[in-house]
Amino acid sequence: MVSFECDYCNGAHPKVLQHLIETNDIQSLTYGIDEWSESAKKKIREACDTPDADIFFLSGGTQTNMTCIDGILEKCEAVITIETAHINVHEAGAVEFSGHKIIALKEHEGKMHAEDLENYMDWFVHDESNRHLAQPGIVYITFPTELGTVYNRKEIVDIHNVCKKYNLKLYLDGARMGYGLMSTGNDIDLPFIARHCDCFYIGGTKVGALLGEAVVFPKNNAPRHFFTIIKQHGALMAKGRAIGLQFDALFTKYDGSSLPLYMEISKYAIEKAEEMKAMFIKKGYKLLIDSPTNQQFVIIPNDKVKELEQKVLFTHWEAYDENSMVCRFVTSWATTDEQMRYLENLL
């Protein structure tokens, strides 16, 4: 069955697999202290324009979010995010399991507004009993968001400025980072993110890797003993090269391209998403939101949903009304023209 359910239902990009195979018989040190992990870190630093960045390779997105947030915060501190944030909805309470309260603000098409953050912090600092509350320590945003939208430069700068005003750390979840960076109309790049965030991660699992995420502390500002903290959270790979090798390939420029593989395959996924969007509109379907990234949210009549789900995989996102449902269709680096035509014929 053809799947548009998510962007990590395939294996890995062939060039990533090739790099894994061609180095398979070479021995190395363990836990990410190997030549390929070091090479990947160098390439990521160059891409982010952060020569002093601390970079760590972790096993997956949930482990990364929990480990970074727990590692940055003090025990009594909380994380501020929005109601629909991944850590607040789809990570089984992992952050709260580590002992930190999640403070959820109103969402605006998947994004946090700096004004809402400012209003909350103004209320907090003027509350005479705030010593009895969980202390805000970090702000969590995603790029792109759960609804496929992206922050623009001004929105990030405004949130960054509120964080600076109240001495909050800004953490960006980049599980789908590539698809956000290459999305239509995007005005943000990796150096910009590095200048405005205290910590972020570049997602590999959803963007061409078998597994793994690259955590970046751009200003040589990783928490003390962060390597040990990673291990405490079960996110450290004994064969750390398995992730380092993949990011080494993902941040390599192949075949004369001006872009690293990570950006090239993300660009391809966005092109397919734009084709998909046009396809749904041509067929008379309405979109819940005009997503510029690889996640498309389509309003489909319930009877058509039942018909489609027999032949193609997609996400039943939420009920739109009693007669229709919002369904999510996702493209990736692995989406083919044949799969697109198959979906078009079903519609």
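Everything numeric here is computed off the predicted structure, so don't read it as measured data. Along the sequence shown, the residues carry numbers beginning at 1.
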(message) Test salt bridge (Lys or Arg N to Asp or Glu O under 4.0 Å) on Lys304 and Glu307; report intermediate values, then the result.
(response) CA-CA 5 Å; Lys304 188 64 176 180; Glu307 177 186 330; 3.1 Å; yes
(request) To the nearest 0.5 angstrom, please state how far the CH2 atom of Trp36 sits from the CG atom of Leu245. (result) 5.5 Å
(message) Quick check: is Ile33 connected to Phe217 through a chain of hydrophobic side chains (ILVMFWY, heavy atoms under 4.5 Å apart)?
(response) no
(message) To the closest 0.5 Å, what do you measure between NZ (Lys206) and CZ (Arg176)?
(response) 5.0 Å
(request) Considering only NZ, NE, NH1 and NH2 on the basic side and carboxylate oxygens on the acidic side, decide whether Lys253 and Glu264 come within less than 4.0 Å. (result) no
(request) Could you state whether Val216 and Ile229 fall into the same hydrophobic cluster, counting links through intermediate Ile, Leu, Val, Met, Phe, Trp or Tyr residues with side-chain heavy atoms under 4.5 angstrom apart? (result) no
(message) Taking Leu133 as the starting point, is it possible to reach Ile69 by hopping between hydrophobic residues whose side chains are less than 4.5 Å apart?
(response) no
(message) Show, in sequence, the C-alpha distance, side-chain angles and deciding distance for Arg241 and Glu35, and conclude whether the salt bridge (Lys or Arg N to Asp or Glu O under 4.0 Å) test is met.
(response) CA-CA 8 Å; Arg241 61 187 278 176; Glu35 60 184 281; over 6 Å; no
(request) Step through it carefully: locate the ring centre of Phe143, locate the ring centre of Phe200, and say whether they are under 6.0 Å apart. (result) no
Would you tabulate the side-chain donor-acceptor contacts of residues 97-106 under 3.5 Å, counting partners in other chains and residues two or more places apart, or write 'none'?
from	atom 1	to	atom 2	distance (Å)
Ser98	OG	Val95	O	2.5
His100	ND1	Glu77	O	2.8
His100	NE2	Asp70	OD1	2.6

(message) With a 4.5 Å cut-off on side-chain heavy atoms, are Tyr151 and Lys111 touching?
(response) yes
(message) How long is the straight-line distance from CD of Glu309 back to CE of Met1, given to the nearest 0.5 Å?
(response) 9.0 Å
(message) Going by side chain to side chain contact (heavy atoms under 4.5 Å, CB included), name the residues that satisfy it together with Ser324, two or more places apart in sequence or in a different chain.
(response) Ile299, Tyr320, Asp321
(message) Do Ile230 and Val215 make a side-chain contact, defined as non-hydrogen atoms from C-beta onward lying under 4.5 Å apart?
(response) no
(request) Could you tell me whether Glu115 atom CD has more than 12 heavy atoms of other residues or ligands within 6.0 Å of it? (result) no
(request) With side-chain hydrogen bond (donor to acceptor under 3.5 Å, both in side chains) as the test, would you mind laying out the steps for Asn186 and Ser183 before giving the verdict? (result) CA-CA 6 Å; Asn186 172 54; Ser183 63; 4.8 Å; no
(message) In the structure I gave you, are the side-chain heavy atoms of Val162 and Glu118 within less than 4.5 Å of one another anywhere?
(response) yes
(message) Measuring centre to centre across the rings, with the benzene-like ring taken for any Trp, is Phe247 within less than 6.0 Å of Phe57?
(response) yes
(request) Can you see which heavy atom on Glu22 is nearest to which on Ile26, and at what distance? (result) O-CD1, 4.4 Å
(request) Considering only NZ, NE, NH1 and NH2 on the basic side and carboxylate oxygens on the acidic side, decide whether Arg45 and Asp52 come within less than 4.0 Å. (result) no
(message) I'd like to know whether Asn323 forms a side-chain hydrogen bond (donor to acceptor under 3.5 Å, both in side chains) with Asn302, so could you lay out the CA-CA distance, the side-chain angles of the two residues, the decisive distance to 0.1 Å, and finally the verdict.
(response) CA-CA 6 Å; Asn323 299 312; Asn302 291 336; 5.5 Å; no
(request) Taking the side chain as every heavy atom from C-beta outward, state whether Trp333 and Tyr179 have any pair of such atoms under 4.5 Å apart. (result) yes
(request) Check Val150 against Pro292 and note the closest heavy-atom contact, atom names and distance. (result) CG2-CG, 4.1 Å
(message) Can you give me the closest heavy-atom contact between Leu250 and Val16, atom names plus distance?
(response) CD2-CG2, 3.8 Å
(message) Hydrophobic clusters here meaning ILVMFWY residues chained together by side-chain heavy-atom distances under 4.5 Å, can you tell me if Ile289 and Met276 are in one?
(response) no
(message) The test is side-chain hydrogen bond (donor to acceptor under 3.5 Å, both in side chains); show your working for His113 and Glu155 and say whether it passes.
(response) CA-CA 7 Å; His113 279 185; Glu155 290 169 327; 5.1 Å; no
(request) For Thr84 and Gly110, work out which heavy atoms get closest and say how close. (result) OG1-CA, 4.2 Å
(request) Could you tell me if the ring centre of Phe56 sits under 6.0 Å from that of Phe227? (result) no
(request) Mind listing the closest non-hydrogen atom pair of Gly203 and Tyr262 along with its distance? (result) O-OH, 2.8 Å
(request) Determine the sole option in Thr145, Asn65, Thr142 for which the side chain to side chain donor-acceptor pair (under 3.5 Å) test with Asp173 is passed. (result) Asn65
(message) Salt bridge or not between Glu275 and Lys272? Use side-chain N to carboxylate O under 4.0 Å.
(response) yes
(message) Between Leu20 and Leu210, is there a side-chain heavy-atom distance shorter than 4.5 Å?
(response) yes
(request) Could you check Met112 against Glu107 for side-chain contact (heavy atoms from CB on, under 4.5 Å), going step by step and ending with a plain yes or no? (result) CA-CA 6 Å; Met112 175 186 292; Glu107 62 92 20; over 6 Å; no
(message) Looking at Glu46 and Lys43, is there a salt bridge between them, counting it only when a charged N and a carboxylate O are closer than 4.0 Å?
(response) no
(message) Less than 4.5 Å apart, side chain to side chain, heavy atoms only: is that true for Asp198 and Ile72?
(response) no
(request) Please examine the side chains of Tyr171 and Cys68, heavy atoms only from C-beta on, and report whether any two atoms are closer than 4.5 Å. (result) yes
(message) Taking the side chain as everything from C-beta on, heavy atoms only, tell me whether Asp7 gets closer than 4.5 Å to Thr331.
(response) no
(request) Working to the nearest 0.5 Å, report the span between CG of Leu17 and NE2 of His19. (result) 12.0 Å
(request) Step by step, work out the side-chain contact (heavy atoms from CB on, under 4.5 Å) result for Leu347 and Leu308. (result) CA-CA 8 Å; Leu347 297 177; Leu308 286 173; 4.1 Å; yes
(request) Verify side-chain contact (heavy atoms from CB on, under 4.5 Å) between Thr81 and Val139, making sure each step is shown before the conclusion. (result) CA-CA 6 Å; Thr81 187; Val139 171; over 6 Å; no
(request) Please report the shortest heavy-atom distance between Ser291 and Lys277, naming the atom on each side. (result) O-NZ, 2.9 Å
(message) As an exercise, state the distance from OG of Ser28 to CG of Asp34, rounded to the nearest 0.5 Å.
(response) 5.0 Å
(message) Could you go through Ser257 and Asp255, starting from their C-alpha distance and side-chain angles, then the distance that decides it, and tell me whether this counts as side-chain hydrogen bond (donor to acceptor under 3.5 Å, both in side chains)?
(response) CA-CA 6 Å; Ser257 174; Asp255 305 322; over 6 Å; no
(message) Holding to side chain to side chain contact (heavy atoms under 4.5 Å, CB included), I want the full list of residues that pass it with Glu38, two or more places apart in sequence or in another chain.
(response) Lys41
(request) Check whether the ring centres of Trp317 and Phe297 lie less than 6.0 Å apart, and answer yes or no. (result) yes
(request) Following the transitive rule for hydrophobic clusters with a side-chain heavy-atom cut-off under 4.5 Å over Ile, Leu, Val, Met, Phe, Trp and Tyr, establish whether Leu190 and Phe192 coincide in one cluster. (result) yes
(request) Drop me the distance from Thr315's OG1 to Gln295's CD, to the nearest 0.5 angstrom. (result) 8.5 Å
(request) On the 0 to 90° scale, with breaks at 30° and 60°, tag the Phe329-Phe314 ring pair as parallel, tilted or perpendicular. (result) parallel
(message) Using side-chain contact (heavy atoms from CB on, under 4.5 Å), reason through Arg341 and Thr336 one step at a time and then give a plain yes or no.
(response) CA-CA 9 Å; Arg341 299 292 75 79; Thr336 66; over 6 Å; no
